[in-house]
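Read the structure below first, then the notes.
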Amino acid sequence: MPKRIAIIGAGPAGLMTAEVLAQYGYEVDIFEQKPSAARKFLMAGKTGLNISHAEPIQTFIQRYDHAEWLSPWVKQWDAQWIQGWMKDLGIESYIGSSGRVFPIEMKAAPLLRAWLKRLAADGVKFYYRHRCVGLSKNQLTIENQSQRFTATYDAIVLACGAVSWSQLGSDGAWQQWLQNDEITPFQASNAGVLKSWSPFMQDCLGQPLKRVDAWVMPEHKTHGDIVITHYGFESGVIYKLGRDLRSRLAQDQNMQLHLDLLPDISLDQLVKKLQGNKKQSLTNLWRKAGLDQVKINLIREVVAKNIWSDAKQMAEQIKGLTISLSGFRPIEEAISCAGGIKQTALSSQLQLQSNPYVFCCGEMLDWDAPTGGYLLTACFATGRAAGEGIHHLIK
Ligand SMILES: Cc1cc2nc3c(=O)[nH]c(=O)nc-3n(C[C@H](O)[C@H](O)[C@H](O)COP(=O)(O)OP(=O)(O)OC[C@H]3O[C@@H](n4cnc5c(N)ncnc54)[C@H](O)[C@@H]3O)c2cc1C
């Protein structure tokens, strides 16, 4: 008799574990509380499914906060592996100029359809609208619309996701099955940050600060556009700084964002430009120095008026504008979550130390990364690692 494995959650991590186990010949049941699979994965595809990143693996690994932990898995199932895996499913992919990897069609739906079809052909059984409500040793309690029942398995995989976008299924209810000390509390990651604006900034809401350098700690400078929103700032640049911002919060320090609004010119050049012709209006002077209206408005909002006419002090501000933030957008809105099941709560096979029947994978684990394809890559890799772990331990 083949051994029976239950997987809770039909997101990318759970589906990847199912793929490994089905190919080894296990009987795999996936319980998914939503009426269909991988709703967050489909949502990720709405703006272009950035599935991985083709940068050198040593750089790639360093994008994760727990780089050493994830390293063996992400190295084994890297961007190149993902591209090959998609190709096997009939989905061609390409590497964008930034190194990001996308399916050519950009969407997640064709890939998901092909994947689910292949999993079903490999014998994986899907139980939708089946919510796991209890876990004790190797016994699950499952609830659907008409009944509540228990089922016993040779191994159980938790692939329930983290706690953001809960309407897509990842509601974090699984945390009650673990001890508090097994979980690092979740925090918003890849989320907007908060700054309250005066009415003067109304015209800038939704507008980008183009091509700025941004940092929290000078050794982690990042470059790109930042969008001004009604609540503060949003963009990939902000997401990249999330880890540093969170660490400032954890140390009870001010969350301060620093911006160089004109990174292409030196401080000395800028001082000269700002000295300009005294008859010019300040706005004209600033424009000629290279600032657009959004940047000018931000300066007027943040910099004390008494230094606006002082070329040296203004140049210093423009090249190092400090903005105090008051926190992150709510975790529910975050693209991903930092925190989750701790490395110390798991074996190197992703088996729960407190319950050897249970393996865990995906975003519910305590790792984090910025957007750029790193999230899905780690979900796939840890999903495969959990499948391999089960095979290694119970075959
Ligand atoms: C708007 C948005 C855009 C994104 N874009 C990208 C991107 O471009 N690139 C990238 O790499 N990442 C992206 N991500 C992140 C990526 O989608 C997630 O990291 C990934 O989906 C997590 O996979 P997972 O399998 O761990 O969890 P999930 O995808 O959250 O899946 C968990 C599943 O478990 C089910 N479940 C939970 N609890 C139970 C239970 N008790 N019983 C039964 N079922 C249960 C849930 O219903 C859900 O289907 C994006 C996320 C969002 C929100």
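Keep in mind that the numbers below use all heavy atoms, side chains included, and drop hydrogens, waters and symmetry copies. Remember, predicted model here, so these are calculated numbers, not experimental data. When a ligand or atom number is given, it counts from 1 through the structure's own listing order.
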Could you check whether the rings of H130 and F149 sit parallel, tilted or perpendicular, using 30° and 60° as the cut-offs?
perpendicular
Parallel under 30°, tilted from 30 to 60°, perpendicular over 60°: which one fits the rings of W85 and W81?
parallel
Run the contact test for I8 against ligand 1 with a 4.0 Å cut-off on heavy atoms, strictly below, and give the result.
yes
Say you draw a straight line from NZ of K295 to CH2 of W286; how long is it, rounded to the nearest 0.5 Å?
14.0 Å
So for ligand 1, is A162 a polar contact partner (N or O within less than 3.5 Å, distance only)?
no
Enumerated ligand 1 atoms positioned under 4.0 Å from heavy atoms of S170
30 (O)
Tell me, which protein residue and heavy-atom name are nearest atom 34 (O) of ligand 1, and how many Å apart are they?
G9 CA, 3.1 Å
Sidechain-backbone polar pair: W367 side chain, G362 backbone, donor-acceptor under 3.5 Å:
yes
Is the gap between the ring centers of F380 and W73 under 6.0 Å?
no
Please assess T152 against N138 for the test side chain to side chain donor-acceptor pair (under 3.5 Å), listing each intermediate value before the final yes or no.
CA-CA 6 Å; T152 304; N138 60 338; 5.3 Å; no
The atoms of ligand 1 lying under 4.0 Å from a heavy atom of A13, numbered in the order shown, are 25 (O), 26 (O)
Identity and distance of the protein heavy atom lying nearest atom 5 (N) of ligand 1
A44 CB, 3.2 Å
Suppose I only count heavy atoms of G11 and a 4.0 Å limit; which atoms of ligand 1 are within that range?
25 (O), 29 (O), 31 (O), 33 (C)
Ligand-residue contact atoms, ligand 1 with A159, heavy atoms, under 4.0 Å:
32 (C), 33 (C), 34 (O)
Could you grab the distance from atom CG of D171 to atom SG of C160, nearest 0.5 Å is fine?
8.5 Å
Note: ligand 1 atoms sitting under 4.0 Å from heavy atoms of G362 are 26 (O)
Pick one of side chain, backbone, both or neither for how H130 approaches ligand 1, counting any non-hydrogen atom pair under 4.0 Å.
backbone
Tell me whether the NZ or CZ atom of R329 lies within the 45° cone about the ring axis of Y231 and under 6.0 Å from its centre.
yes
Classify the contact between F31 and ligand 1 as side chain, backbone, both or neither, using a heavy-atom distance cut-off of under 4.0 Å.
backbone
In this structure, is the centre-to-centre distance between the rings of Y64 and W69 below 6.0 Å?
no
L119 vs E19 side-chain heavy atoms within contact, under 4.5 Å:
yes
Atom pair CD1/CD of I341 and Q353 - distance to nearest 0.5 Å
12.0 Å
Between Y153 and Y357, ring centroids under 6.0 Å
no
Atom 51 (C) of ligand 1 - nearest protein heavy atom and its distance
I335 O, 3.5 Å
Starting from atom 27 (O) of ligand 1, find the nearest protein heavy-atom neighbour and note its residue, name and distance.
G161 CA, 3.3 Å
Does ligand 1 have a heavy atom under 4.0 Å from the side chain of C379, from its backbone, from both, or from neither?
side chain
Atom 41 (N) of ligand 1 - nearest protein heavy atom and its distance
C132 O, 3.0 Å
Among protein heavy atoms, which lies nearest atom 16 (C) of ligand 1, and at what distance?
L376 CD2, 4.0 Å
For atom 8 (O) of ligand 1, which of V163, I7, T382, N50 has the closest heavy atom?
N50
Could you list which atoms of ligand 1 come closer than 4.0 Å to a heavy atom of L375?
10 (C), 11 (O), 12 (N), 15 (C), 19 (O)
Quick one: nearest non-hydrogen protein atom to atom 29 (O) of ligand 1, plus distance?
P12 CD, 3.5 Å
Out of E333, M43, E363, Q33, the nearest non-hydrogen contact to atom 19 (O) of ligand 1 is supplied by E363
Winner among K34, M16, E32 once heavy atoms are compared against atom 47 (O) of ligand 1
E32
Out of curiosity, is W165 lining ligand 1, as in a heavy atom under 4.0 Å away?
yes
Side chain to side chain contact (heavy atoms under 4.5 Å, CB included) partner of W215, chosen from D260, L259, L257, D244:
D260
Indicate the ring-plane relationship of H53 and Y374, choosing parallel, tilted or perpendicular according to the 30° and 60° boundaries.
parallel
I need the contact type for L15 against ligand 1. Using non-hydrogen atoms and a strict under-4.0 Å cut-off, is it side chain, backbone, both or neither?
neither
